[in-house]
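In this chain, residues are counted from 1 in sequence order. Side chains are part of it too, since the values below use all heavy atoms of this structure and drop only hydrogens, waters and symmetry mates.
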Amino acid sequence: MKTVTLNIDDTLYDTLLAMLQGLPKQKIEIIEEDQTKNEILDINQFAGTINSFAAITDAVQWQNELRSEWEIN
């Protein structure tokens, strides 16, 4: 026997699994692994790529505008 490892998009997973399950059971062993559970996300890989506050030129003014919404008249 040989082993094939595939990373499959969620939208194709059920289709491919159904195709594989159609093969003779004595000639194929399907071992499912959920990568999302085993995968460790390193938040540092996104450092410098997220520009959420890039449009803010004056941070104090921006904060004051946000807080003005809280004021009760």
Side-chain angles (χ1 to χ4, degrees):
M1 284 197 135
K2 298 190 186 246
T3 301
V4 175
T5 303
L6 303 170
N7 291 323
I8 304 166
D9 187 85
D10 291 340
T11 59
L12 298 175
Y13 182 77
D14 291 331
T15 304
L16 183 60
L17 187 60
M19 289 171 51
L20 293 173
Q21 288 172 338
L23 296 172
K25 294 193 185 315
Q26 65 273 18
K27 296 193 176 209
I28 187 170
E29 177 185 8
I30 299 172
I31 303 169
E32 297 180 64
E33 291 182 10
D34 188 358
Q35 287 291 334
T36 56
K37 291 179 183 174
N38 298 332
E39 189 175 299
I40 298 173
L41 177 64
D42 181 12
I43 192 88
N44 292 324
Q45 70 183 343
F46 301 107
T49 61
I50 301 172
N51 298 318
S52 300
F53 302 106
I56 299 171
T57 55
D58 184 355
V60 174
Q61 178 186 358
W62 176 72
Q63 288 178 349
N64 286 334
E65 289 173 8
L66 289 178
R67 291 177 183 152
S68 69
E69 297 174 0
W70 303 342
E71 291 179 10
I72 299 174
N73 293 332

In this structure, would Leu12 and Leu6 fall into the same cluster of hydrophobic residues linked by side-chain contacts under 4.5 Å?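 Result: yes, single cluster for both.
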Residues 19-31, side-chain donor-acceptor partners within the protein, below 3.5 Å, at least two apart:
none

With rounding to the nearest 0.5 Å, note down the distance linking CG in Leu16 to CG in Asp14.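 That separation rounds to 10.0 Å.
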Rounded to the nearest 0.5 Å, how far does CD of Glu69 lie from CZ of Arg67?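 Atom-to-atom, Arg67:CZ and Glu69:CD are 12.0 Å apart.
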Can you check whether Trp62 reaches Asp58 side chain to side chain, under 4.5 Å on heavy atoms?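 In short, these two side chains do not touch, never coming nearer than 4.5 Å.
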Which residues satisfy the ring pair (Phe, Tyr, Trp, His ring centres under 6.0 Å) test with Phe46, sequence neighbours excluded?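 Once residues adjacent in sequence are excluded, Phe46 has no partner under the ring pair (Phe, Tyr, Trp, His ring centres under 6.0 Å) criterion.
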